[in-house]
Amino acid sequence: MQYRDYKKKFLNKLTIILTTHNSRYGFIFRCLDNFEKEYGCYNLQIVITDSGDISGFNILKNEIIKKKYNLKIQFIHFLSQKVDLLRKRDAYGQTLYEYSNRLLDALKLVHTEYSVIAADDDFYFPNYFIKSLIFLEKNHDYASVYGHILKFKLDKFKPYGKINDLWISEDNNPPNPWLESDMPEQRLINLGKNPWSWFSWYAVQKTYLLKLTINEAVKYKIDGYLFEKFVSFCHAALYKSKKIDFIYSARQENNDHSDHGREPFSYKRNKVQLNNFIEACTSFLIKYKKIKDNQSRNIVLNIIKKDFIQYKQNDNKEFLRYLKKKFQLISIIQKKFFKPKINTLLDNRLVMVKNSNFIKKETKYIRDIVESNSTT
């Protein structure tokens with residue numbers, strides 16, 4: 001079998017769930033053009049889920065069809081139920097981002113064994129998909145494969161231009177847990193040693209597990225910030241996750257987040273969601289791991305302890321955040337003289353970037369795409 005046929009055999013097992021909003025034309029076409037270049041000859045399967053208005057969705061769909069990509073593209077329009085367009089945080093039963101029902105709709109079009117949730121402003125490096133699929137096919141006790149993230153920033157949040165900052169995301173900010181133990185309970189304990197990271201959120205993963213997780217999330221009304229954490233919990237409860245020592249994705253940082261991003265997660269504003277989260281996690285262990293009710297609840301309460309402390313600290317610092325927004329001098333002084341202390345329990349078994357050659361290679365790859373049309 002030729003290498004191209006060998007690669008196609010694996011890529012046929014994968015579907016990209018690509019989330020976008022139809023006002024982000026530049027980003028979606030930058031993303032699709034790159035997928036076409038790398039995977040058009042393999043007819044990579046993509047489900048585009050668009051949360052914009054219906055007229056914009058139809059325009060976007062027609063423009064994509066006109067491009068005649070060799071990709072197998074399906075479209076879905078997600079109609080948001082939100083009325084509060086100014087929402088900046090999860091609070092009082094409402095969430096900033098809708099994930100569960102949106103992904104549930106998209107997954108109705110996914111019929112492959114593996115899937116990837118992708119954002120339109122992110123990139124995956126060429127060898128990542130095939131490398132992760134080969135690993136998962138050989139190691140059935142693993143559900144996802146990921147690596148290091150390359151982050152970059154332009155002077156403005158736009159699809160093309162001169163990159164003015166580029167760096168490897170630090171492993172301990174947020175910390176990555178060790179999730180290769182054969183014991184599910186140990187994986188969950190590791191998950192709770194630090195505030196959780198979303199190791200499998202944008203990674204190649206088992207489609208059936210993602211569907212199972214989303215169905216449970218919808219049942220217990222888990223969405224927004226806590227839905228991301230619920231995905232990590234369910235992965236850790238049922239399967240191992242592999243971190244490989246290579247750069248698997250690149251993420252463009254949004255400059256506007258400093259002024260317009262969501263507020264830190266609040267304990268007092270999210271008591272209902274937090275109770276739902278505890279119930280959902282407890283029920284998941286009872287249902288899928290056959291762990292008794294009291295034991296399951298104790299496991300869940302133990303691993304979320306650090307997160308709950310952090311949420312309460314977020315509430316205590318709310319007035320300071322208000323002052324910092326109102327008086328910029330306070331932020332300048334804090335950044336200059338008060339560096340935050342990060343207390344982590346980073347497991348020394350985690351891989352770290354050592355090879356400067358592939359860092360240079362992946363950096364060039366992103367620059368070639370983003371800076372190729374820098375006058376646009």
Side-chain angles (χ1 to χ4, degrees), residues 90 95 99-100 103-104 107 113-115 117 136 139-146 174-201 203-243 265 267 270-312 344-347 349-350:
D90 292 0
T95 55
Y99 294 127
S100 54
L103 289 172
L104 193 63
L107 280 167
E113 190 174 348
Y114 303 100
S115 51
I117 303 169
L136 290 171
N139 300 275
H140 299 293
D141 50 344
Y142 285 80
S144 64
V145 177
Y146 64 108
N176 283 314
W178 176 259
L179 292 175
E180 294 193 50
S181 171
D182 290 326
M183 304 300 294
E185 190 169 335
Q186 185 59 51
R187 294 198 298 267
L188 292 171
I189 289 170
N190 289 339
L191 190 67
K193 283 182 178 178
N194 299 286
W196 297 356
S197 62
W198 294 275
F199 53 90
S200 59
W201 185 239
V204 171
Q205 56 191 290
K206 291 180 183 290
T207 301
Y208 104 88
L209 179 55
L210 184 58
K211 288 181 178 179
L212 182 152
T213 301
I214 292 170
N215 285 326
E216 293 295 316
V218 170
K219 178 181 176 181
Y220 284 91
K221 299 179 181 179
I222 307 294
D223 216 333
Y225 178 84
L226 290 176
F227 175 77
E228 300 175 26
K229 299 176 76 64
F230 189 61
V231 170
S232 295
F233 177 88
C234 295
H235 270 74
L238 297 187
Y239 287 94
K240 297 188 279 188
S241 293
K242 182 68 175 178
K243 183 173 185 182
F265 195 76
Y267 180 84
N270 289 284
K271 289 183 180 179
V272 172
Q273 292 101 308
L274 288 167
N275 285 332
N276 289 346
F277 182 76
I278 293 170
E279 292 303 316
C281 293
T282 302
S283 172
F284 195 88
L285 292 182
I286 295 170
K287 187 174 181 180
Y288 295 104
K289 298 307 296 180
K290 309 301 180 187
I291 300 175
K292 292 182 179 179
D293 188 299
N294 287 340
Q295 186 183 357
S296 294
R297 189 171 296 274
N298 286 337
I299 291 171
V300 173
L301 291 175
N302 183 49
I303 66 173
I304 63 177
K305 192 182 298 181
K306 284 200 172 185
D307 288 86
F308 274 39
I309 291 171
Q310 180 184 310
Y311 304 153
K312 291 175 182 178
T344 65
L345 296 169
L346 187 66
D347 196 298
R349 290 170 295 186
L350 286 170

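Worth saying up front: this structure is predicted, and the values here are computed from it rather than measured.
Taken to the nearest 0.5 Å, the CG atom of L191 stands 14.5 Å off from the CH2 atom of W178. In this structure, L104 CG and T213 OG1 are separated by 11.5 Å, a value rounded to the nearest 0.5 Å. Distance check: I222 CD1 to C281 SG gives 7.0 Å after rounding to the nearest 0.5 Å. Note that CG of D293 is 11.5 Å distant from CD1 of I291, once rounded to the nearest 0.5 Å. Note that CD1 of I278 and CG of L274 are 6.5 Å apart. Values are rounded to the nearest 0.5 Å. Atom NZ of K219 is separated from atom CD of E279 by 11.0 Å, given to the nearest 0.5 angstrom.
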Practice problem: Report the C-alpha separation of F233 and I303 in whole Å, then their side-chain angles, then the decisive distance to 0.1 Å, and conclude whether the side-chain contact (heavy atoms from CB on, under 4.5 Å) test is met. | Solution: CA-CA 10 Å; F233 177 88; I303 66 173; 3.6 Å; yes
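Checking side-chain atoms of N215 against main-chain N and O of K211 turns up a donor-acceptor pair under 3.5 Å. With N190 contributing its side chain and P177 its backbone, the two residues share no donor-acceptor pair below 3.5 Å. Side-chain N or O atoms of D223 include one that pairs as donor or acceptor with a backbone N or O of S100 at under 3.5 Å. With hydrogens and angles ignored, the 3.5 Å screen pairs a side-chain donor or acceptor of K306 with a backbone N or O of K193. Side chain of R187 to backbone of L179: no donor-acceptor contact under 3.5 angstrom is found.
In this structure, the side chains of L226 and D90 stay at 4.5 Å or more apart for every pair of heavy atoms. Side-chain contact between T95 and F227 is absent, with no heavy atoms from C-beta onward closer than 4.5 Å. Residues L212 and C234 have side chains not in contact (no heavy-atom distance under 4.5 Å, counting atoms from C-beta outward). Inter-residue side-chain proximity for V300 and R297 is flagged as unmet; no heavy-atom pair is nearer than 4.5 Å. No side-chain heavy atom of F265 sits under 4.5 Å from any side-chain heavy atom of K229. Within the 4.5 Å cutoff, the side chain of N139 has no heavy atoms near those of the Y239 side chain. Between L210 and I117, the closest side-chain pair of non-hydrogen atoms falls below 4.5 Å. Counting only heavy atoms from C-beta outward, the side chains of Y114 and Q205 never approach each other to under 4.5 Å.
If you run ring pair (Phe, Tyr, Trp, His ring centres under 6.0 Å) between W201 and each of Y99, F230, Y146, Y225, only Y99 comes through.
Closest non-hydrogen pair, L188 versus A237, comes out as CD2-N, 4.0 Å. Taking both residues in full, the closest heavy atoms of Y220 and N276 are given as O-CB, 3.5 Å, listed atom of the first, atom of the second, then distance. T207 approaches L107 most closely through the heavy-atom pair CG2-CD2, 4.0 Å. Taking all atoms of both residues into account, the shortest heavy-atom contact from S283 to E216 is OG-OE1, 4.4 Å.
Here Q310 pairs with nothing under the side chain to side chain donor-acceptor pair (under 3.5 Å) rule; sequence neighbours left out.
Other residues, nucleotides and ligands contribute at most 12 non-hydrogen atoms within 6.0 Å of the NZ atom of K221.
Checked for salt-bridge contact, R349 and E180 miss the test: no charged N lies under 4.0 Å from a carboxylate O.
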